[in-house]
Amino acid sequence: MSDTRALAADAALPATGSELSANATRRSLEPALLGCVTIVVLLLAWEAVPHLVAMSPGSKLFFTTPGRIAATLWGMLASGEIWRPLRVSATAFALGLALAVAAGLPLGILLGRSRTLNAMLDPFVTAFNATPRLDFLPLLLLWFGLGMWSKVIIVFIGALFPILINTYEGVRNADKILINVVRSFGAKEWDIARLVVVPNALPYIVTGVRLAIGRAVLGVVVAEFFGSEEGLGVIMVRAASSYQVDVVFAGVVVFAALSLLMTSLVKTIESRLGSWRPQHGSDGTR
């Protein structure tokens, strides 16, 4: 009986600092480890398909494995074949996304804070957001040609609306009580936006930017598939026409890596900018 009480007393003791740190580290690493394990399992299963399933010569022409894709990608990186097209695609992606952020953030804040502007521009925002981006490509090719700027504009159009709409929703959902308190101390509209509206809308803005990254990558791919003379998408189209499935998948891997890198960067910025926010417990306490 005394041993049982002793065990219960030990279990009731608070965890030490090192134990809490170890638990926190384990919880932070667990999602990444689970994701990595899932990816490895899927890649191994994919690699085993040709060894387990009998495939006809025609099917083998359109099939490849992760090992072959990795070898092809490494060969393209080592030979330098991929660097110039990648630089062209990355430049179009970066310029279009930067322009979308520069235009979408202030416009979303203005629409969220001004009922008049929102009433005037909402029909145009709704119409353009509902229009497939591919519809703009013929006009953009006529106006800007097959060079860089047609790709930049199609990326800009694709990335603009997720940022604008999410920023607008974040501004509209800002804490009205806090806004009134700040206004009662004589704060002007600029101060309200800087001190209350934008910090409270930060989760919405980050979500918009993360969505915009995917739209921007899609814009680069679409523009290079249908109206470009240079870029990673052009290499993928030419490879597909000659049944080089490894090269096509290598391009997919590079675009996916670019999207993953940018999304991770946005998450890091969000964690730093949002560190001032109070942490809520599971019971709703702070």
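The shown structure was predicted, so the numbers you read here are calculated from the model rather than taken from an experiment. Residue indices begin at 1 and follow the sequence shown.
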**Q.** Donor-acceptor contact present, side-chain S242 to main-chain A239, <3.5 Å
**A.** yes

Q) Do W74 and I235 share a hydrophobic cluster (ILVMFWY, side-chain heavy atoms under 4.5 Å, transitive)? A) no

Q: Determine, using the 4.5 Å side-chain heavy-atom cutoff (strictly less than), whether L42 and L34 are members of one ILVMFWY cluster.
A: no

Q.
Membership question, hydrophobic clusters at under 4.5 Å side-chain separation (ILVMFWY): are Y204 and L110 in the same one?
A. no

Q: Count the heavy atoms of every other residue, nucleotide or ligand shown that sit under 6.0 Å from CZ of F255, and state whether that count exceeds 12.
A: yes

Q. Do F124 and Y168 belong together in a cluster built from hydrophobic side chains that touch within less than 4.5 Å?
A. yes

Q | For I82 against V254, the heavy-atom pair lying closest together | A | CD1-CG2, 3.9 Å

Q: Evaluate the criterion side-chain contact (heavy atoms from CB on, under 4.5 Å) for residue pair S259 and T263; output intermediate values, then yes/no.
A: CA-CA 6 Å; S259 180; T263 302; 4.2 Å; yes

Q.
Would the distance check show the side chain of S241 and the main-chain N or O of R238 forming a donor-acceptor pair, the cut-off being under 3.5 Å?
A. yes

Q. Can you say whether the rings of W46 and F63 are parallel (under 30°), tilted (30 to 60°) or perpendicular (over 60°)?
A. perpendicular

(Q) Would you say L261 ends up clustered with L265 if hydrophobic residues are merged whenever their side chains have heavy atoms under 4.5 Å apart, either directly or through other cluster members? (A) no

Q) Between V247, V253, D246, which is the residue that forms a side chain to side chain contact (heavy atoms under 4.5 Å, CB included) with L73? A) V253

Q: Tell me, yes or no, whether the heavy-atom count around W149 atom CH2, taken from other residues, nucleotides or ligands under 6.0 Å, exceeds 12.
A: no

Q.
Just by distance, no angles: are the side chains of N166 and T207 close enough, under 3.5 Å, to form a donor-acceptor pair?
A. no

Q: Determine the minimum heavy-atom distance between E47 and G67, stating which atoms define it.
A: OE1-N, 2.9 Å

